[in-house]
Q: 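A single structure is presented below for examination.
Side-chain atoms are counted along with the backbone in the values below, which use heavy atoms only and exclude waters and symmetry mates. For the single chain, residues carry numbers from 1 onward in sequence order. The structure presented is a predicted model; accordingly, all values stated were derived computationally and were not measured.
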Amino acid sequence: MATGYRPTADLQWAERSALEHPFCARWATGQLHFQDLALYASEYEHAVTAIAAAAARVAALDPTRADFAAEKQRRVSCWRDFSRAVGWGGMAAWTYAEEPLSETLECADAWRGDDTRTVDEHLRILRAIDAMQGAVGEVMLNGLLRHYGFEEGPATEYFRLHTGTVEEPQSAINEEVNRSYWLLLDGVESLARR
């Protein structure tokens with residue numbers, strides 16, 4: 001693989017789509033190796049569980065949102081179906097979701113939030129994540145089906161659930177979500193290019 005990847009930390013986040021990130025572009029065109037998909041699966045696990053944790057905090061603060069939290073938790077299982085399809089089997093050869101990259105931790109922390117966030121603040125972050133995932137999920141699903149030998153089913157369900165553009169007006173929260181996802185992708189891309 002090529003070397004010399006430079007992180008994109010200096011971008012203006014409000015003007016960038018995650019689809020412009022080199023890792024997403026390579027996914028969309030079938031230029032990744034299967035181990036790159038496995039690396040992404042392992043790293044993004046932390047983001048998926050952070051989303052579920054944020055939704056659980058929402059439900060703890062507002063019990064009427066328990067179904068919302070349960071749906072986000074169900075998506076963790078969908079993510080793990082994809083992870084198994086790219087090689088995770090709980091064996092020693094690939095320790096799944098262990099020792100995440102610092103960029104991954106920063107993304108997960110930003111998305112999870114803490115006990116100081118209100119229900120409204122959590123929901124705004126989660127809406128911004130959904131908006132970002134709508135475009136990314138569609139491109140990743142199409143890439144899996146066209147270039148990586150996947151068929152519609154449990155291994156692609158997570159991406160199917162996250163297809164379609166969700167319109168979300170630009171805000172500081174959207175910028176924070178986009179920036180943190182770019183950082184996660186930067187970390188994955190730097191390892192994938194080794």
Q: Do Trp79 and Phe159 make a side-chain contact, defined as non-hydrogen atoms from C-beta onward lying under 4.5 Å apart?
A: yes
Q: Is there side-chain contact between His46 and Cys107, with heavy atoms separated by less than 4.5 Å?
A: no
Q: If the condition is side chain to side chain contact (heavy atoms under 4.5 Å, CB included), which residues does Ala69 pass it with, not counting sequence neighbours?
A: Ala55, Ala59
Q: Any side-chain heavy-atom pair from Phe82 and Thr156 closer than 4.5 angstrom?
A: no
Q: Could you work out, with side-chain hydrogen bond (donor to acceptor under 3.5 Å, both in side chains) as the rule, every residue matching Ser77, not counting sequence neighbours?
A: none
Q: Without hydrogens or angle criteria, can the side chains of Tyr158 and Gln133 be said to hold a donor-acceptor pair below 3.5 Å?
A: yes
Q: Can you list everything that forms a side chain to side chain contact (heavy atoms under 4.5 Å, CB included) with Leu32? Sequence neighbours excluded, please.
A: Phe23, Arg26, Trp27, Asp36, Leu37, Tyr148
Q: Considering only heavy atoms from C-beta outward, does the side chain of Glu45 approach that of Tyr40 to under 4.5 Å?
A: no
Q: Please identify each residue that fulfils side-chain hydrogen bond (donor to acceptor under 3.5 Å, both in side chains) with Trp111, with sequence neighbours left out.
A: Ser180
Q: Name all residues meeting the salt bridge (Lys or Arg N to Asp or Glu O under 4.0 Å) criterion together with Glu103; count only those two or more places apart in sequence or in a different chain, and write none if there are none.
A: none
Q: Taking only residues two or more places apart in sequence or in another chain, which ones pass side chain to side chain contact (heavy atoms under 4.5 Å, CB included) with Asp81?
A: Arg84, Pro154
Q: Does Gln35 reach the side chain of Leu39, with side-chain heavy atoms less than 4.5 Å apart?
A: no
Q: Could you tell me if the side chain of Cys24 sits less than 4.5 Å from the side chain of Val139, heavy atoms only?
A: no
Q: Quick one: do Glu176 and Arg124 make a salt bridge, cutoff under 4.0 Å?
A: no
Q: Any pair with a residue in residues 64-76 that passes side-chain hydrogen bond (donor to acceptor under 3.5 Å, both in side chains), sequence neighbours left out, goes on the list, sorted by first then second residue, please.
A: Asp62-Thr64, Asp62-Arg65, Glu71-Arg74, Glu71-Arg75, Lys72-Asp130, Arg75-His162
Q: For Asp115, give me all partners under salt bridge (Lys or Arg N to Asp or Glu O under 4.0 Å), at least two apart in sequence or on another chain.
A: Arg57
Q: If we count only N and O atoms by modelled type, under 3.5 Å, do the side chains of Thr118 and Asp120 hold a donor and an acceptor together?
A: no
Q: Looking only at the side chains, is there a donor atom on one of His21 and Asp186 sitting less than 3.5 Å from an acceptor on the other?
A: yes
Q: If the condition is side chain to side chain contact (heavy atoms under 4.5 Å, CB included), which residues does Ala53 pass it with, not counting sequence neighbours?
A: Arg112
Q: Using a 4.5 Å cut-off on heavy atoms from C-beta on, say whether the side chain of Ile129 contacts that of Tyr181.
A: no
Q: Just jot down the side-chain hydrogen bond (donor to acceptor under 3.5 Å, both in side chains) partners of Arg146, sequence neighbours excluded, or say none.
A: none
Q: Holding to side-chain hydrogen bond (donor to acceptor under 3.5 Å, both in side chains), I want the full list of residues that pass it with Glu152, two or more places apart in sequence or in another chain.
A: none
